[in-house]
Amino acid sequence: MSALRRFARAAAIGLLAGAAGAVWSQTGDLARQAAPATAAAQRPELQRLYAGADTIWLDASGRATGNARDALALLADAASDGLDPAAYRAASLASRADGLAGASPDVRRAWDVELSLAMLRYLRDLHFGRVDPKTLGFRVSASRAEAHDIVATLAAAVANRRVAQLRNEVAPGLQQYRELRDTLVRYRRLAQSWPSGHLGAPKASLRVGDPYPDGAALRERLVLLGDLPADAPHAATAVYDAALAAGVARFQVRHGLAADGVLGKATIAALDVPAADRVTQIEFALERLRWLPHPDGRRVVAINIPMFRLWAWNDAAADARPALAMDVIVGRALKTQTPVFADQMRYIVFRPYWNVPRSITRNETLPAIARDPGYLAKHDMEIVQGESDAARVLPPTPESIAMLQAGSARVRQRPGPANSLGLVKFIFPNDDNIYLHSTPAKSLFGRSRRDFSHGCVRVAEPVDLAAWLLKDQPKWTRENIVSAMEGKPSLRVDLTQPVPVLLYYVTAMVSPEDGRLHFAADIYGHDAKLARALAALRDE
């Protein structure tokens, strides 16, 4: 007998006898079976759910009610949300349902409690996710802070005979979640018909007109993925023709590659990723979307880190298309990753100073000064003492360099076109000192992979972002924003209302711009970490 069934039987006996100690003698097993809730939390949950009743899923004759059938259907369909029906013993519960009428009262009650525990776990997983994001370093668990009352939700659904509607009520209300869930169905079918073998890798990148013996296989792959119409005209199958190049370009757009239609090693490697692997990426994305704050109708700025893209919505709960979209540059994959978290943008600074972080001063600036005493002047930098913009400027003497080494002074770069932050920064105060800013290094936005920063996020269209954030302040026209960026003094402008900012990480998403499924490389290895965390849950 499984741990969940053993616990359910003990719980059923305890609920009837009022013997809480007997019910919770197997809490260790339950804690593993019903993560993330603890066993201690589930004692009052079951007591609230049953409220003195012997059973809630069976009628007077011991037969499963319509509510029970709906609950079993939800558990059996858990895979549609990227969850595992086996985690809720869906098949076992369903197989035993028909024989309950002739079973003993104890067996009925144990089955009833087992279904309740399975539903509580399913609803909790569906709403909050299976893994606590904090254990993976993600600080985006606002949905947990909302303290959605899963027990009350389930009890009300049972009382009002609307258990079948629970999935839509509890699942994230994000349109992205619904769209990604729909693509999961398609990619699961695709995985079943995925061709065996790999595409031939040419010695050199192919352009239109080049011979390619695997042209027919490439065409089949592009048609399966939806990047090439099945009736697209084509030349000889052993030639890389214009239709294939157009399909490859569409595929490249969806996979974060340079969309040049050239068939090279990186594109072939992406084309060779099995559809089953893409299914896993979609499932991981659904899990991470369950961690995010639920939409509340306010404006929001969202940055998907591995896709190097920013979107801004006027109404996160309702708007299908973003009001603003632009490319971004994020932190380097190896050493200076951009963290995942949610916060509130509160003000903008035009013509900012760049206050060089201590780590950069220690690892980069001080060695550069040692090699070239004129380094600070060449980069329009200065040594200051104090934390504010009005800090005292120190001459670049050996004494002030020593203060810099000791940490009693700091380096900053003066405002101007060459400033590393560009001409504007967007502040949402946080412990990591992460913010959005413009940049003088515009050429980097032309790269398909854009992890070049020290952790902050560089935006491609800072004027557009500032205009959107300040649109409720009539004074701040585009002309005035540009004037402030090109003026002399540094200027802070507070937003009238804080705007939620979300830095998140999914490697599969339906683009809100073109409505197509996009994939990204797991640049920080977060998918691999999530895979290990989920495997650990299955092994417990």
Side-chain angles (χ1 to χ4, degrees), residues 133 136 138 140 172 174-177 179-181 183-184 187 225-227 249-260 266-267 269-271 273 277-292 300-313 316 320-333 336-342 434 436 439 444-453 455-461 464-465 501-530:
L136 299 179
F138 286 24
V140 291
L174 299 165
Q175 178 167 328
Q176 175 61 211
Y177 184 92
E179 292 177 341
L180 204 56
R181 186 179 184 271
T183 69
L184 181 58
Y187 264 75
L225 293 169
D227 294 305
R250 284 189 286 271
F251 174 88
Q252 290 167 330
V253 167
R254 294 195 306 108
H255 291 78
L257 301 166
D260 53 12
T267 299
L271 282 161
V273 174
D277 291 359
R278 299 303 189 190
V279 166
T280 299
Q281 281 185 261
I282 296 169
E283 290 174 341
F284 287 176
L286 288 170
E287 173 72 8
R288 290 205 185 93
L289 290 177
R290 289 189 277 266
W291 301 347
L292 301 184
V300 64
V301 175
I303 298 102
N304 186 2
I305 295 168
M307 290 192 179
F308 315 112
R309 195 73 173 159
L310 175 151
W311 299 274
W313 278 271
R321 295 184 64 83
L324 193 65
M326 67 184 68
D327 289 335
V328 298
I329 293 168
V330 302
R332 291 188 184 95
T336 54
Q337 298 179 6
T338 298
V340 175
F341 67 101
I434 298 296
L436 311 182
T439 176
L444 294 179
F445 288 106
R447 309 278 187 91
S448 57
R449 175 165 173 163
R450 295 186 295 276
D451 55 322
F452 303 115
S453 82
C456 289
V457 178
R458 308 174 194 172
V459 298
E461 305 296 340
D464 290 349
L465 182 57
V501 176
L502 182 62
L503 288 91
Y504 72 113
Y505 190 105
V506 296
T507 60
M509 71 173 293
V510 176
S511 169
E513 298 165 74
D514 63 17
R516 304 184 70 207
L517 181 62
H518 288 236
F519 292 100
D522 183 18
I523 59 172
Y524 292 170
H526 288 326
D527 277 0
K529 294 175 184 176
L530 180 54

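Being a predicted model, the structure only gives us computed values, none of them experimental.
- Among all heavy-atom pairs drawn from L136 and W291, the shortest one is CD1-CH2, 3.8 Å.
- Side-chain contact between T183 and I282 is present, with at least one heavy-atom pair separated by less than 4.5 Å.
- Put simply, CG on L530 and CD on E287 are 6.0 Å apart, with the number rounded to the nearest 0.5 Å.
- For the pair T338 (side chain) and G455 (backbone), a donor-acceptor distance under 3.5 Å is present.
- Side chains of Q337 and R332 form no contact here, defined as non-hydrogen atoms less than 4.5 Å apart.
- The distance from atom CG of L292 to atom OH of Y504, rounded to the nearest 0.5 Å, is 8.0 Å.
- At least one side-chain heavy atom of E513 sits less than 4.5 Å from a side-chain heavy atom of W311.
- Separation of atoms CD (Q176) and CG (N304) is listed at 8.5 Å; rounding is to 0.5 Å.
- Counting only distance, with no hydrogens or angles, the side chain of R254 and the backbone of L517 share a donor-acceptor pair below 3.5 Å.
- Side chain of R450 to backbone of R447: a donor-acceptor contact under 3.5 angstrom is found.
- No side-chain donor-acceptor contact under 3.5 Å links D522 and T507.
- A salt bridge is absent between D527 and K529: the closest approach of a Lys/Arg side-chain nitrogen to an acidic carboxylate oxygen does not fall below 4.0 angstrom.
- The CZ atom of F452 sits 5.0 Å away from the CG atom of L444 when rounded to the nearest 0.5 Å.
- Between V330 and R458, every side-chain heavy-atom pair lies at or beyond the 4.5 Å cut-off.
- A donor-acceptor pair under 3.5 Å is formed between the side chain of S453 and the backbone N or O of G331.
- Put simply, the side chain of R288 never gets that close to the backbone of V506: no donor and acceptor are under 3.5 Å apart.
- A cation-pi geometry, defined here as NZ or CZ lying under 6.0 Å from the six-membered ring centre and within 45° of its normal, holds between R278 and F519.
- The existence of a salt bridge linking R250 and D514 is excluded, since no basic side-chain nitrogen approaches an acidic carboxylate oxygen closer than 4.0 Å.
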